[in-house]
Each structure stands twice: as C-alpha cells, then as structure tokens.
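Index from 1, following the sequence. Side chains included, hydrogens not; waters and symmetry mates left out as well; all remaining heavy atoms used.
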Amino acid sequence: MPLDTIYLTRHGHRLNWTIDYKTGTYHAQFPTPTGNPADPTLTSHGVRQSHELAAHLASDDFHPKPFRVYCSPFYRCLQTIQPSVDALKELHQRTYSDDSSTSKNNDKQIERHADFAVRVEPGLGEWFGHTTFFTHPPPATPPTLSTYFPTLNLTLPNNPDDASAPSNKTYKPYKPHLTPSPTGETIANLHTRIATTLAALIADVDAEIAALEAAQPAHEPRSSKAILICSHAAPLIAMGRALTGLMPEDSSQEDFFVFTAGLSTFRRRRWRQQRGNGQDGAGCGVDSVGRDLRRGSSGAGVSGGEDKQEWVLAPGTTILRAGITVQTDWRGGKGVAGGWDCVRNGDCGFLSQGAERGWHFNGEEGFDTGPMAAESAPPVSGLDTVVSEGVGERGMKL
C-alpha cells in the first residue's frame, strides 16, 4: 500500500530575531550556532517541548510510527526533531536487535524498514516575505548542520530495503527537491512551493514503499506507512491546505493550527476509503474547536480560495531535480497526491503547557521599503495567536 499517514509538527519555542525594514538587515537576539541571525536555537522551554514530543511519538499508544523523517534546514527544526529521532531509533533497535527476519511487521510497534536518517528539504523551509532590494539569509548547508546534529545522519541510504542491516549500508546525500527564492515569496508563491515539494516528496516515498513491498514475500502483511515532517508555522499551514485542497478565500483564516511542537495528522483519502467508512476515530476531519475541515471557510462547501493571486513559484526558486511538476491544480478540495484528510489538527495534549504560540497569516509580508522608498510604516506581518484561558489573542511573533 502507498504512504497513508503524514504527521506535521512545528519547531519548539525559539529565540527571536529582528529585521531593519529599511536596510533588510537581520539581527539575532542572541548569537546563533550557524551564524545566520534568522536561524536561532530553541529556548529551554522549546527544548522541553521537543522531549515531550519525542515521548509521545515513541509511546505505545502512538501508531503508526513514522518510518521516514523530513525536516526544514533551519537549526530550530532539527533541534526539535532530534529527541524524536533518537527515541525512534532506540525503539527500532530494541524491537529488532534480537529478532528473526521472518517476524511479521504487524506484530511490531515500529516498521522494520524504518530509516531515521533525516532528510533535509529546503522546499519545506521557512517563509520569508517578498523583497525588492535585499535577499533573505539562507539556512546552513547539510554538511554544516551535520556537525551540530551528528546523530541525525543527514543522509539517505543507498539501499532503503536494507535498513535492517546498518553495517551493510552505503550512504549518499539526500537530494532535495527545490530551494525557495532568496528574495522571498508571496502567500500564493509559498503555497505553490509547498504543494510542489509535497507532491514530489510523496511520490518518492510511494516509490520506496513499492520497492520494499515488492521484495516482501506475498504472504507477509503490508503495514501502514507514515512520515514525519518538521517545519515552521506558515509552511505548515500551507501544507495542511495543499494536502486537503482546502484553500480559504481569506488566507488569514485560522484553519490549521500550528502551535509550537504541536502535532497534526493527515490520512490519505483513498487509503481511508479502502478501510471502510472513511472514519478514523475521534477528531476525524474536525479541528480542536469543532470546525469541519472538509468544507470551505463559509461552511457551505469547498472553497477554491484567493483566485486573484498568481499561483506560481516565486522568481528565483530553484528546482533541483528533473521531472518535478509545479503543482497548481490542488485547490477546490483536490489536494496533492490524491488528497488527504486532517484527522488531528494541532494536537498539544501531550505537551505539559498545552497549546502555545499559535500563528496565522495576516496579509503579505512584503518588504518594499528601502533607501528609495518613502519613510512609511513597516510592512504588515503575520501575527501569532497566543492561547490564554482558551481565548485566542493576537500577540508578537516569537
């Protein structure tokens, strides 16, 4: 069976940075490991959130477990995902270290062919608003990041079907799908970039699963397969929309929740249909405040959303692999790769402090001020939604 489950998580609570709107110069609140002022570390609270996320993913009650992990190339995302990867690796080692190769996968907590070498994908990276006179600082390269995260094995096995025998594996670098434009993106550009990356990424994983299952004996059951993606607020909202095909008429609508270290779950539609009535337990297609995510923003049906925008990749976006198709036909409820349903939206029940630091779009984050521009107010930016006693309030973006 193809990939059937996608988990999305946002990085934990991080340190902050500022930007001089007139010069395009970024300033870090504290020095950053990579030297990029827009690439801060987690706070101590964010580190605690990352360990609580790891405990949740590795718990007996959480299934299916991820068998591949993708991550934005920014430090805070890799720092968030590291405890989860380490916990899943340990679980895999305990499960199969003394196990016979004839064991059935459905008897196991974790997929035999799981590989937790983290795949760093710039196409899933942070959103920066479009600029006219400067470039945004790029994330560090995988070789640099691997010096900070040596246990994450930022590489892809040459033989994914041989994941049970690490000593026999030869590694090659993971080849990303695309890199975002250095001069930023409009909201429509971002959604197109995310939809394009997701479609290519899902196709890759489907092909891997097909190869794995072709090598399995016919009598051996095929298990559910899941991937985990760690990214940032704006890209994660765009992922929810690209997967479900539900693009609201107003991009600032709060549809998919992106609290720090929260977890959203998406199930593939055709997989759910094959299993029966399409229901998947509590929370099926409904967010944590009871809104039906299978319908448009008005509740009257699926919305195409913001059709006046130009749904293309931003100028300067680099496609890194041959054969990638820019995805523009995912709205109107279609979704990429056959469409997905959100069955858990921004779950934070496993976090000791609950839902924190939500975020939503609040218009374009364009940077059109500069030396030749009029001295006017800085560009409008997206705002965080701070949850306080169950009421969403707008606050500073942190």
* **Note, Leu243 side chain near Arg241 side chain (heavy atom, < 4.5 Å)** => no
* To do: With side chain to side chain donor-acceptor pair (under 3.5 Å) as the test, would you mind laying out the steps for Asn189 and Thr192 before giving the verdict?
  => CA-CA 5 Å; Asn189 293 155; Thr192 303; 5.8 Å; no
* Structure fact -> To the nearest 0.5 Å, atom NE2 of His63 lies from atom OG of Ser223 at 13.0 Å
* Backbone N or O of Trp340 within a donor-acceptor pair of the Thr244 side chain at under 3.5 Å? -> no
* Asked: Are Lys225 and Asp4 ion-paired here, with the side-chain N under 4.0 Å from a carboxylate O?
  -> no
* **Between Ser72 and Glu121, a side-chain donor and acceptor under 3.5 Å** => no
* If you measure only the distance, is there a donor-acceptor pair under 3.5 Å linking the side chains of His51 and Arg48? -> no
* Structure fact -> Of all heavy-atom pairs linking Phe257 and Ser264, the shortest is O-OG, 3.9 Å
* So is Arg331 actually on top of Trp311's ring, under 6.0 Å and inside 45° of the axis? -> yes
* To do: I would like to know whether Asp39 and Thr34 meet side chain to side chain donor-acceptor pair (under 3.5 Å); could you show each step before the answer?
  => CA-CA 7 Å; Asp39 194 18; Thr34 64; 2.8 Å; yes
* Can you see which heavy atom on Phe256 is nearest to which on Cys342, and at what distance? => CE2-CB, 3.9 Å
* Side-chain contact test, heavy atoms from C-beta onward, threshold under 4.5 Å: evaluate it for Arg14 versus Gln79 and give yes or no. => no
* **Candidate pair Glu310 and Thr328, rule side-chain contact (heavy atoms from CB on, under 4.5 Å), full reasoning** => CA-CA 10 Å; Glu310 193 173 2; Thr328 59; over 6 Å; no
* Taking atom CG of Leu190 and atom CD of Glu126, what is their separation to the nearest 0.5 Å? -> 9.0 Å
* To do: Would you confirm whether the ring centroid of His232 sits within less than 6.0 angstrom of the ring centroid of Phe74?
  => yes
* **Common cluster, Leu212/Tyr70, ILVMFWY with side-chain heavy-atom separation under 4.5 Å** => yes
* Asked: Are Trp330 and Leu313 linked, directly or through other ILVMFWY residues, by side chains that come within less than 4.5 angstrom of each other?
  -> no
* Structure fact -> When every non-hydrogen atom of Leu53 is compared with those of Ser84, the smallest separation belongs to CG-OG, 3.8 Å
* **Mutual orientation of the aromatic rings belonging to Phe134 and His136 [parallel < 30°, tilted 30-60°, perpendicular > 60°]** => perpendicular
* Using a 4.5 Å cut-off on heavy atoms from C-beta on, say whether the side chain of Leu178 contacts that of Pro122. => no
* Is the shortest heavy-atom distance from the side chain of Asp250 to the side chain of Pro248 under 4.5 Å? -> no
* Check the angle between the aromatic planes of His92 and Phe116 and answer parallel, tilted or perpendicular using the 30° and 60° thresholds. => perpendicular
* Nearest heavy-atom neighbours spanning Ala140 and Leu145 -> O-CD1, 3.7 Å
* Close side-chain approach of Leu8 and Val258, heavy atoms under 4.5 Å -> no
* Is the side chain of Arg193 donor-acceptor paired with the backbone N or O of Ala188 at a distance under 3.5 Å, no angle test? -> no
* According to a 4.5 Å side-chain heavy-atom criterion applied to Ile, Leu, Val, Met, Phe, Trp and Tyr, with indirect links allowed, do Leu91 and Phe350 form part of one hydrophobic cluster? -> yes
* Counting N and O atoms only, with roles assigned by atom type, does the side chain of Thr317 sit under 3.5 Å from a partner on the main chain of Ala314, one being a donor and the other an acceptor? -> yes
* Indicate yes or no for a side-chain donor-acceptor contact from Arg268 to the backbone of Leu3 under 3.5 Å, with no hydrogens or angles considered. => yes
* Is any side-chain N of the basic residue among Glu111 and Lys65 closer than 4.0 Å to the acidic one's carboxylate O? -> no
* Taking it one step at a time, do Thr43 and His13 satisfy side chain to side chain donor-acceptor pair (under 3.5 Å)? -> CA-CA 6 Å; Thr43 63; His13 191 275; 3.1 Å; yes
* Asked: Under 4.5 Å between side-chain heavy atoms, hopping through other hydrophobics if needed: is there a path connecting Leu57 to Leu42?
  -> no
* Structure fact -> Heavy-atom nearest pair, Asp206 first then Pro2, reads OD1-CB, 3.4 Å
* Can you see which heavy atom on Pro235 is nearest to which on Leu124, and at what distance? => CB-O, 4.1 Å
* Quick one: does Ser352's side chain get under 4.5 Å of Glu52's, heavy atoms only? -> yes
* Any side-chain heavy atom of Phe128 within less than 4.5 Å of one from Glu185? -> no
* Asked: Do Asn345 side-chain atoms and Asp255 backbone N/O form a donor-acceptor pair below 3.5 Å?
  -> yes
* Checking side chain to side chain donor-acceptor pair (under 3.5 Å) for the pair Thr151/Gln82: CA distance, chi angles, key distance, verdict? -> CA-CA 8 Å; Thr151 65; Gln82 181 167 20; 3.0 Å; yes
* Is a side-chain donor or acceptor of Thr265 paired with a backbone partner of Val343 at a separation under 3.5 angstrom? -> no
* Structure fact -> Result for salt bridge (charged side-chain N to carboxylate O under 4.0 Å, His left out) between Asp204 and one of Arg68, Arg119, Arg321, Lys175 points to Arg321
* To do: Have a look at Leu201 and tell me which of Val336, Ile6, Ile227 forms a side chain to side chain contact (heavy atoms under 4.5 Å, CB included) with it.
  => Ile227
* **Given Glu356, Arg357, Gln49, Arg76, the one that forms side-chain hydrogen bond (donor to acceptor under 3.5 Å, both in side chains) with Thr260** => Gln49
* Hey, any chance Leu263 and Val47 share a hydrophobic cluster, counting ILVMFWY side chains that come within less than 4.5 Å of each other, even indirectly? -> no
* Is it true that Phe62 and Tyr7 have ring centroids separated by less than 6.0 Å? -> yes
* Asked: Taking the six-membered ring for Trp, is the centroid-to-centroid distance between Trp17 and Phe30 below 6.0 Å?
  -> no
* To do: Kindly indicate, with the supporting measurements, whether the criterion ring pair (Phe, Tyr, Trp, His ring centres under 6.0 Å) is fulfilled by His113 and Tyr96.
  => CA-CA 10 Å; His113 297 287; Tyr96 294 104; 8.6 Å; no
* To do: Could you tell me whether a side-chain N or O of Gln327 sits under 3.5 Å from a main-chain N or O of Thr196, the two making a donor and an acceptor?
  => no
* Less than 4.5 Å apart, any side-chain heavy atom of His11 and any of Cys77? -> yes
* Please walk me through it: do Ile319 and His177 pass side-chain contact (heavy atoms from CB on, under 4.5 Å)? -> CA-CA 6 Å; Ile319 294 179; His177 294 88; over 6 Å; no
* How are the rings of Tyr148 and Tyr75 set relative to one another: parallel (under 30°), tilted (30 to 60°) or perpendicular (over 60°)? -> perpendicular
